[in-house]
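First comes the structure, then the notes that go with it.
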Amino acid sequence: AQKITQTQPGMFVQEKEAVTLDCTYDTSDQSYGLFWYKQPSSGEMIFLIYQGSYDEQNATEGRYSLNFQKARKSANLVISASQLGDSAMYFCAMSLIQGAQKLVFGQGTRLTINP
Amino acid sequence: DTGVSQNPRHKITKRGQNVTFRCDPISEHNRLYWYRQTLGQGPEFLTYFQNEAQLEKSRLLSDRFSAERPKGSFSTLEIQRTEQGDSAMYLCASSPGQGGWETQYFGPGTRLLVL
């Protein structure tokens, strides 16, 4: 079974600073994908970034980058130059390539950006 | 290209009543997922459709829950004899179903409150 652990219930960051949200995962499978989603107070889950287990380079999408350390089973999200609109819940998730590719989520981290 | 839509956005019902939610996936997306999210938790997988076939169901999906996707387009999730423990956000997601790694795109969710 897959498991995602997010150990930071809440993070507070000053606007324009960079922030790292932690995520560790556990699986015995070799082929898996790691995802980060943002959930504002409106409730919709917004896809941010994806990393495959065989990708050698860390994924980047605009201000988002994924710090993938396979040996440590970690997939931390880095947000550069934080903005007030980044305040939201952030969820790390993983799936296996076979079958349904259903997502297994962590408990989330609430990020608050202070002006 | 419109995103995933869900109706209703909010539902308040009395214990013991039946409720039905609808999800319209992104056009031409073959895969459709239902998740449930309780307060303070990450979403949990409920069930998965590939076209009209329901291929996987979670143990969370008790016999009071039924999901359909009759023509491989929209899907409905029905809860019979609702209980207070069914109060949650019900999220629908879709992905292309073309093979390989796929990102799931979520709808805005339906918030259910059972009194």
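Everything quoted here is computed from the prediction, not taken from an experiment. Throughout, protein chains are lettered first and strands after them, A, B, ... in sequence-line order, and every chain is numbered starting at 1.
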Start with the C-alpha gap between B/Phe106 and A/Phe47, add the side-chain angles, then the distance that decides, and say whether ring pair (Phe, Tyr, Trp, His ring centres under 6.0 Å) holds.
CA-CA 8 Å; B/Phe106 283 79; A/Phe47 166 72; over 10 Å; no

Leading residue by heavy atom contact count with chain B [cutoff under 4.5 Å; candidates A/Gln107, A/Gln101, A/Arg110, A/Met89]:
A/Gln101

Between B/Thr103, B/Leu91, B/Val4, the one whose heavy-atom pairs under 4.5 Å with chain A are most numerous
B/Thr103

Flag the one option from A/Pro9, A/Ala100, A/Gly43 with the top tally of heavy-atom pairs under 4.5 Å to chain B.
A/Ala100

So, B/Gln104 versus B/Ser94: side-chain donor-acceptor pair below 3.5 Å or not?
no

Bottom line for A/Ile49: the part with an atom under 4.5 Å from chain B's heavy atoms is neither

Under 4.5 Å from a heavy atom of chain A, the part of B/Tyr35 involved:
side chain

With a 4.0 Å cut-off, would you call B/Glu56 and A/Lys102 a salt bridge?
yes

Please say whether more than 12 non-hydrogen atoms of neighbouring residues, nucleotides or ligands are located less than 6.0 Å from CD1 in B/Ile12.
no

So for A/Gln6, is it side chain, backbone, both, or neither that comes closer than 4.5 Å to the heavy atoms of chain B?
neither

Below 4.5 Å, heavy atoms only, C-beta onward: do A/Leu66 and A/Tyr50 meet side chain to side chain?
no

Chain A heavy atoms under 4.5 Å from B/Glu102: which part of the residue, side chain, backbone, both or neither?
both

Salt bridge present between B/Arg64 and B/Asp86 (N-O < 4.0 angstrom)
yes

Among the listed options B/Gly107, B/Gly97, B/Gly109, the residue most often paired with chain A at heavy-atom distances under 4.5 Å:
B/Gly107

